[in-house]
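Quick caveat: nothing in here was measured; it's all calculated off a predicted structure.
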Amino acid sequence: MKIKGLTYLFASIATCVSLSACSSAPSANSNTNVTTNTTETNQLPDISASVQLNEEAFPMCLARLQTRARAEGLSEATINSTIANLQFVPRVIELDQQQPEFSQTFDNYFSKRATEWRVNEGRRLLQKHRELLDKLAQEYGVPPQYILSFWGLETNYGSYKGKMSVLNSLATLACEPRRSNYFTIELMQALKLKEKYQFDDDTMVGSWAGAMGHTQFMPSAYAKYAVDADGDGKADLWNSTTDALTSAANFLQHLGWQRNQRWGREVLLPKDYNYNYLGAKQPLPLSQWAALNVTQANGQPLPMVDIQAALYLPAGHTGPAFLGYENFNVIMRWNRSEFYAITVGHLADRINGGPALTVNPPEQPRLSREQVKQLQAKLNEMGFDVGKPDGVLGRNSTAGIQAFQRSKNMIADGFPSPEVFTALGITL
């Protein structure tokens, strides 16, 4: 949730902890349905042997966790009544270790999340919680529409907070060697929260990786940033909307939210833009973007304010273009997906009365990991070094695609379009 880094075209289940990024996320058009992709699930690799090994090792791991809990100062009652009775959850291992075989396009991601239902519900809740949200804006510097946007994307405004036992999920992951240390720390924090606030097990439910409540905080974030805003003696992110929204504002402030600044905006690029400046590592002052004839989406000039901005093209040059400001980077510290950050920002704009996108995301083919590996291998073969082919489109792959596109006098947007595959001699 707080990790800062690259966004990949592939949405890795292994790094998904909150409902907003997981297959268990709530439907964007309903406050009850859960979206899944059975076709993609059927194409996931068989990890039954790994599940069996983890299950067999679980009892011994629980003994280790009890020892760790004593060292952390947890009570014997918690150690004997809670940790000793934690259950292994095979589904958690499956979700942690499996990755989707196919990429998710920006159109697919965005269209399921920045929906008219979420816009309208956000506007309704803006009026319902206006007094609280205005107070939070004054105290923490985060405008109401952003808090609502995070809330909407994370749990459909609290209508779906996850149904899996947080403690069982975290114990299962703590006993899986790959990320044992991280999830052991999170489990200990969750147990401390249980002791501190006397939460019962039926309350402590969330995503398969332990994210909790209206705003899907991991236990460590809960411990640091949750606020008892309603004064009932506990910071309850499941049952208190006041606590949850205040905690979100507090978290964003600590992540570096810039008061009185936007997240960014949709922009229009000139037809002769050369794509020399693209992505988080190549920001420019707004004045320089204006000098490059980049405009607001409505064609008006960019505002003349002293702000650094980076250009993002989540669907390549045929799709919408965005300039992300410092608050875009803050959103990325909440969830490291550029798709997520753009969607949070745009949904916030819509809740606040802004228009829909000027350029709609185009429908694009979903690429398999094997297809991306072929692309990477071909680029390496032709002298455009992108590193070891791994089926994940990161910064090196984007740079390699750009260099190849320039060598062929193509538009150098760094996007793995069908035209790039064709030029490389790869059949999709």
Glu131, CD atom: more than 12 neighbouring heavy atoms under 6.0 Å: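 At most 12 heavy atoms, drawn from other residues, nucleotides or ligands, come within 6.0 Å of this atom.
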Residues, nucleotides or ligands: over 12 heavy atoms within 6.0 Å of Met60 CE: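 No, the 6.0 Å shell around CE holds no more than 12 heavy atoms from other groups.
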Flag for Arg265-Tyr325: side-chain donor and acceptor within less than 3.5 Å: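 There is such a pair between these side chains.
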Flag for Ser165-Gln87: side-chain donor and acceptor within less than 3.5 Å: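 Checked: Gln87/Ser165 side chains show no N/O donor-acceptor pair below 3.5 Å.
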Is the shortest side-chain N to carboxylate O distance from [X] to [Y] below 4.0 Å?
X: Arg124; Y: Glu121; value: yes
X: Asp243; Y: Lys234; value: no
X: Lys161; Y: Glu154; value: no
X: Lys373; Y: Glu101; value: no
X: Arg91; Y: Glu94; value: yes
X: Lys135; Y: Glu139; value: no

Tyr277 and Trp289 aromatic ring geometry - parallel, tilted or perpendicular at 30°/60° bounds: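 It falls in the perpendicular class, over 60°.
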Between Phe251 and Phe217, ring centroids under 6.0 Å: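 Yes, close enough.
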Near-ring test Tyr312/Phe322, centroid separation under 6.0 angstrom: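 Centroid separation for Phe322 and Tyr312: 6.0 Å or greater.
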Atom pair CD1 (Ile331) and CD (Glu338), whose distance is rounded to the nearest 0.5 Å: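 Going from CD1 on Ile331 over to CD on Glu338, the span is 12.0 Å.
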Test item: Tyr140 and Ile147 side chains (from C-beta on) under 4.5 Å apart, heavy atoms: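 The answer is no, as the side chains (C-beta and beyond) never meet within the 4.5 Å cut-off.
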Glu266 side chain vs Ala356 backbone, donor-acceptor pair below 3.5 Å: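 Such a contact is absent between Glu266 side chain and Ala356 backbone.
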Tyr275 (side chain) donor-acceptor with His317 (main chain) under 3.5 angstrom: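 Judged by distance alone, no pair lies under 3.5 Å.
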